[in-house]
2 protein chains.
Amino acid sequence: MSFSITEENYIKAIFHLQQAEGNVSTNELAAELHTKAASVTDMLKKLKAKKLLSYEKYKGVRLSNEGKKLALAIVRKHRLWEYFLVDKLQFGWDEVHEVAEELEHISSKKLVEKLDAFLGYPKFDPHGDPIPDSHGKMAVQVQVNLIDLPVNRLAEVSGVGSQSTELLELLKHKHIGIGTRLEIKRKFSFDHSIEIKIRNQNPFTISQQLAQALFVKPV
Amino acid sequence: MSFSITEENYIKAIFHLQQAEGNVSTNELAAELHTKAASVTDMLKKLKAKKLLSYEKYKGVRLSNEGKKLALAIVRKHRLWEYFLVDKLQFGWDEVHEVAEELEHISSKKLVEKLDAFLGYPKFDPHGDPIPDSHGKMAVQVQVNLIDLPVNRLAEVSGVGSQSTELLELLKHKHIGIGTRLEIKRKFSFDHSIEIKIRNQNPFTISQQLAQALFVKPV
DNA sequence: AATTATTTTTAGGTAAATCTAAAAATAATT
DNA sequence: AATTATTTTTAGATTTACCTAAAAATAATT
Ligand SMILES: [Mn+2]
Ligand SMILES: [Mn+2]
Ligand SMILES: [Mn+2]
Ligand SMILES: [Mn+2]
């Protein structure tokens, strides 16, 4: 069976919204997809007919195994293309999301596999998110939010929680990127800012907002 | 202004059908796009309103300068992606057309320019067709059909007239590819077959059909 | 428990791109 | 020039993905 770009976008959105527990509501989906609740209801009926999800009126929605498989295939393409754009074409990681939103709908299976091989089977995309392999498996994220890292525990920046240009600008200014090693020296409860130290640099303070936008992997 | 995938496919089809002289007819377009004449008429009105072409009832159609510009941008993307697929991802040139039909509609301008640079600004795609540069200019094709090459004139294979797997299979068997140098030793008028010679190999005969599917550049 | 607020669905409609069948225009033949 | 054939356009439907407004179901408050 084949799916329209719109259908694929719905499946991916549901995948991202559905946590381990709980169903996804019509309004959540409408907000995520910048559309109206009535349109979502229409599409859910259609996707249910295609057996991609389970849905009952007023009860919200969950992906079926088929639906999850499709979602993982789309996420795989999205993240592989993002990796390609940053690693091979020298895009900044704040510029790739929109382009990958289009590229993720290119249908050729062979293309995905060849692209993966060309890139050297990367495990994480430029934002630190795991790339599903051809069977839909992805590396478990051991990363934690920087705000939750214990004091004096050395860790490596492994991901970002936002893909905005503004965040990238700030990170560049502070010379922080994916792979940077740092540790927390102090946490200030007044404004939840934290003092961090990078290698042989002097410690400096970063805001709560910035700390929450960074994910790290203890080393 | 932005254009739908369908609109882009119409513009590209008109571009390929319109020779220096003459307008493109509704039926020609319908055949090329595997659709019906009535659908073509509808779309031509729409594209005329968008000033991409000149069209008068029953008189056929021609691209405006705007239309040509758009067509060249699409052809550029199509051929750059084909080059990428063959050169970087190791596709065979008989496998890339369908994939490029999708990739040519990815809208990011920056992507095209970065891809072009990454590929080293190639001038010709894997089928020997010229790739328009960012201004829409393309290298002039000095190639001639192999059937028209004079006897004993050394030439280099520069393009193919078909992208079928069947042709590729035959060319592989005869060890002929883009770049192969050869000359014609004899032409047989009975069946229009020709005898060709490659470097230090013994001469052998190829059919009229094969000769017509090959383009060469005298060296 | 009754009322009020929120969420979700239904009903009915629009725009894009397609189709078939019939009408109109143009081209080719007698 | 008249007839016939072909091409092209119009008329009217269909499908997909939207929308707004109203109705129905569920959740939250009094
Ligand atoms: Mn992204
Ligand atoms: Mn990402
Ligand atoms: Mn092609
Ligand atoms: Mn080509």
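Quick caveat, the model's predicted, so the values are computed rather than measured.
Of the residues in residues 24-33 of chain A, not one comes within less than 4.0 Å of DNA chain D through any heavy atom. Applying a 4.0 Å cut-off to non-hydrogen atoms, the residues of residues 50-61 of chain B that approach DNA chain C are B:Y58, listed by residue number.
Atom CG of A:D42 and atom P of C:dG12 are 14 Å apart (whole Å). Whole-Å rounding puts the A:K36 NZ to D:dC19 P distance at 6 Å. With rounding to whole Å, B:K48 atom NZ is found 11 Å from D:dT9 atom P. Protein atom CG of B:N23 is 11 Å distant from nucleotide atom P of D:dT8, rounded to whole Å. Going from atom NE2 of A:H34 over to atom P of D:dC19 covers 12 Å, rounded to whole Å. The CG atom of B:L44 sits 10 Å away from the P atom of D:dT8 (whole-angstrom rounding). Rounding to whole angstrom units, CD of residue A:E7 and P of D:dT15 are separated by 15 Å.
Listed nucleotides D:dC18, C:dT18, D:dT9 differ in distance to B:T6; the shortest reach to its side chain belongs to C:dT18. Counting only heavy atoms from C-beta on, A:T41 has its side chain closest to C:dT9 among C:dT18, D:dC19, C:dT9. Checked against D:dC19, C:dT18, D:dT9, the side chain of A:S39 finds its nearest nucleotide in D:dC19. Here C:dT10 is the nucleotide among C:dT18, C:dT10, C:dT20 with the atom lying nearest to any side-chain atom of A:A38.
A donor-acceptor pair shorter than 3.5 Å can be found between the side chains of A:H97 and A:E101. Of the N and O atoms on the side chains of B:D191 and B:S193, at least one donor lies less than 3.5 Å from an acceptor on the other residue. At a cut-off of 3.5 Å, with distance as the only test, a side-chain donor of B:E102 or A:S107 sits close to an acceptor on the other residue. A:N9 and A:H105 are linked by a side-chain donor-acceptor pair at a separation below 3.5 angstrom, with hydrogens and angles left out of the test.
Relative orientation of the A:H127 and A:W93 rings is perpendicular, given thresholds of 30° and 60° on the angle between their planes.
Counting heavy atoms from C-beta outward, B:L119 and B:L115 have side chains that approach closer than 4.5 Å. At a threshold of 4.5 Å between non-hydrogen side-chain atoms, the residues A:L171 and A:L214 count as touching.
Checking side-chain atoms of A:R76 against main-chain N and O of A:P132 turns up a donor-acceptor pair under 3.5 Å. Under a 3.5 Å cut-off, the side chain of A:S64 and the backbone N or O of A:K51 do form a donor-acceptor pair.
The cationic atom of B:K50 (NZ for Lys, CZ for Arg) does not lie both less than 6.0 Å from the six-membered ring centre of B:F3 and within 45° of the ring axis. For A:K88 and A:F118, the positive end sits near the middle of the six-membered ring, less than 6.0 Å away and at most 45° from its axis.
Nearest heavy-atom pair, A:G128 versus A:F124, reported as atom, atom and distance to 0.1 Å: O-CD2, 3.5 Å.
Considering only side-chain N and O atoms, A:T35 lies nowhere under 4.0 angstrom from the phosphate OP1 or OP2 of D:dC18. Residue A:S4 places none of its side-chain N or O atoms closer than 4.0 Å to OP1 or OP2 of D:dT16.
Looking at DNA chain C, the stems built from 3 or more consecutive Watson-Crick or G-U wobble pairs, each pair with its key distances under 3.5 Å, are C:1-30 with D:1-30.
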